[in-house]
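Within every chain, numbering begins at 1; the chains are lettered A, B, ... in the order of the sequence lines, protein sequences first and strands thereafter.
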There are 2 protein chains.
Amino acid sequence: MTGATRRGRSAQGRAEVRRDLVAAAVTLFRERGYEDTTVDDIAAAAGVGRRTFFRYFRSKEDAVSPDHETALARAAEVFETAHATEPAAALALRAGETVFDIYTDDPHLSVERYRLTHDVPVLRDRESASIDHYRRLFTRYLRGRFADDPDGDLRAAVIGAAVVAAHNLALRAWLAAGAPEDGMEACRLRFRRVAEMLPGEPAHTNGLHAVTRRLEQAVVRLERTTPPAQ
Amino acid sequence: MTGATRRGRSAQGRAEVRRDLVAAAVTLFRERGYEDTTVDDIAAAAGVGRRTFFRYFRSKEDAVSPDHETALARAAEVFETAHATEPAAALALRAGETVFDIYTDDPHLSVERYRLTHDVPVLRDRESASIDHYRRLFTRYLRGRFADDPDGDLRAAVIGAAVVAAHNLALRAWLAAGAPEDGMEACRLRFRRVAEMLPGEPAHTNGLHAVTRRLEQAVVRLERTTPPAQ
DNA sequence: AAGCGTAACGGCACTGCGTGCCATGATTCA
DNA sequence: TGAATCATGGCACGCAGTGCCGTTACGCTT
């Protein structure tokens, strides 16, 4: 298919060109290296003009992780449409799922992207910045939730950073293992374990110790008067 | 001072040129905007050639935060020379101090830099990547510490991300307030409060939940057979 | 004091990214 | 069939970053 025959394509054609460009970029980056691959090379490999490449991607780096904006928007939608009574932890899980979806769509391509972002410093830094967008989004939401707490800002920052880091750890472990189909459940479980490590509600955390003490005393008191059942 | 008279300067001269370039860059970025300022403009404002700019900074962005490598190296030295018995929290505080030092050296310039990284998306993303270097450094160290723990990786990721986020929150709050001299102590205190929100030793944390569960079950069991005391 | 090696500099040319502009060809709709 | 629209390719341009080279100032030796 020459460039001429591709002119004036439909929306379906656009999606196809986009896929071709991503595939060409990822392949060339891994074969020749990121720095030694020019946009001309990518465009030529995909059978389009150089100018067209920049109509699909804002930059050369964008061809590696072009779905970031979409994923971020979806995650933002989760927070915006969330009911105020939904626990923050559950919300984080739901938002995390929307991000997972982006990767499970095409596991093989996701692994290639992961390797690139792992090996090429420029792409690694770019991904750090992308991930920080999620952190900011989540932290901003939490800050609103914790507005009444005395250390609300700090709690929001800590929990936001921790959850995003855990999400990323789980995701990267899955990708590093080659993104096996039966590994996504372990990935999800791993992500969920972050909840155990988070500081709970301040009143709740402090209360937890108090409750523990109170229960211990109650048990001691009761067991002193009554033999345990069974 | 013309370019000709500046040739063949000493090491002291180099530091001076470096300062001039940073000052020129920060000033111009804030006056005309980052995108509308070229490297030629910066070099001309500092009285040196364009080629010389790139002998002092790897990129245009580097002129805004040129001390990142130094700060990262100092923080790394803290971890490398740390004794194995020093608590991780104390270590984080010490490493955080070395980073604070970079900013307290020239508070006014630090504020200008903060505003730039706050306003210009490109610089913001770049700073996200820089901060992530600290996170990776700290997380890597913690992973070694928690190597024996079952969820060591996750704990390292969570604590590393949380501590760096807290450090950044405190630092940015201080900078946003104009970096007052008497505000650094509040900044330090704020940073230290992160320790209260961190997950403790896994045995401790899990134990707390386990104890709670066990006690609750005991109470239910006992209350089923015996009317509550009092 | 003269000479020499070194270090820093400025200028030039080049590659490559990203963008504005415009003509061209395909598609869709009236 | 003709007009409007959309996507494309090509061209030119500005700017970032790099390699190369000639030049100049400094420090050190003799």
Side-chain angles (χ1 to χ4, degrees), chain A residues 1-22 24-25 28-29 32-66 69 116 120-123 125-126 129, chain B residues 1-22 24-25 28-29 32-66 69 116 120-123 125-126 129:
Chain A
M1 190 179 280
T2 72
T5 61
R6 271 189 143 160
R7 289 190 168 185
R9 84 188 81 259
S10 61
Q12 182 185 352
R14 272 191 73 86
E16 187 187 336
V17 171
R18 189 183 169 85
R19 275 198 306 274
D20 290 351
L21 279 170
V22 170
L28 286 174
F29 289 164
R32 303 187 203 172
Y34 177 78
E35 308 291 344
D36 293 336
T37 303
T38 69
V39 174
D40 286 278
D41 296 335
I42 302 168
V48 299
R50 161 190 155 78
R51 191 64 183 82
T52 296
F53 175 92
F54 288 106
R55 288 202 178 90
Y56 285 85
F57 307 106
R58 269 199 287 269
S59 69
K60 180 180 167 184
E61 303 164 355
D62 251 16
V64 177
S65 50
E69 302 275 340
L116 278 171
V120 182
V122 177
L123 299 180
D125 283 354
R126 180 183 179 78
Chain B
M1 189 177 280
T2 72
T5 63
R6 271 190 140 160
R7 289 192 168 186
R9 82 192 77 258
S10 61
Q12 182 185 350
R14 270 191 74 84
E16 188 186 334
V17 172
R18 189 184 170 84
R19 275 196 306 273
D20 290 351
L21 279 169
V22 170
L28 286 174
F29 288 164
R32 302 188 204 170
Y34 176 79
E35 307 292 342
D36 292 336
T37 302
T38 69
V39 174
D40 285 278
D41 297 335
I42 303 169
V48 299
R50 162 190 157 77
R51 192 65 184 81
T52 297
F53 176 92
F54 288 106
R55 287 200 178 92
Y56 284 84
F57 308 105
R58 269 198 287 270
S59 70
K60 179 180 168 186
E61 303 165 355
D62 251 16
V64 178
S65 50
E69 301 274 341
L116 277 170
V120 182
V122 176
L123 299 179
D125 283 354
R126 181 185 177 75

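Within the 4.0 angstrom heavy-atom criterion, base atoms lie near R55(A).
Here dC12(C) presents its P atom at 12 Å from CG of D40(B), a figure rounded to the nearest Å. What separates CZ of R50(A) from P of dC13(D) is a distance of 15 Å, to the nearest Å. When the C1' atom of dG17(D) is taken as reference, atom CZ of F53(B) falls 11 Å away, rounded to whole Å. If you take CG of D62(B) and C1' of dT18(D), they are 15 Å apart, rounded to a whole angstrom. If you measure from atom CD of E35(B) to atom P of dG18(C), you get 12 Å, rounded to the nearest angstrom. Protein atom CG of D36(A) is 12 Å distant from nucleotide atom C1' of dG16(C), rounded to whole Å. Atoms CZ (F57(B)) and C1' (dA16(D)) sit 16 Å apart, rounded to a whole Å. Here dT27(C) presents its P atom at 15 Å from CZ of R14(A), a figure rounded to the nearest Å.
Remark: Y56(B) is not in phosphate contact with dG17(D), judged by side-chain N or O atoms under 4.0 Å from OP1 or OP2.
Not a single donor-acceptor pair, N or O on each side, falls under 3.5 Å between the base of dG17(D) and the side chain of R51(B).
A 4.5 Å side-chain heavy-atom check between F53(B) and L21(B) finds at least one atom pair inside the cut-off. Between F29(B) and V64(B) there is a side-chain heavy-atom pair separated by less than 4.5 Å. The shortest distance between side-chain heavy atoms of F57(B) and V22(B) falls below 4.5 Å.
D41(B) and D36(B) make their closest contact through OD2-O, 4.1 Å (heavy atoms, listed as atom of the first residue, atom of the second, distance).
Here the side chain of F54(B) is nearest to one of dG11(C), dG18(C), dA16(D), namely dA16(D).
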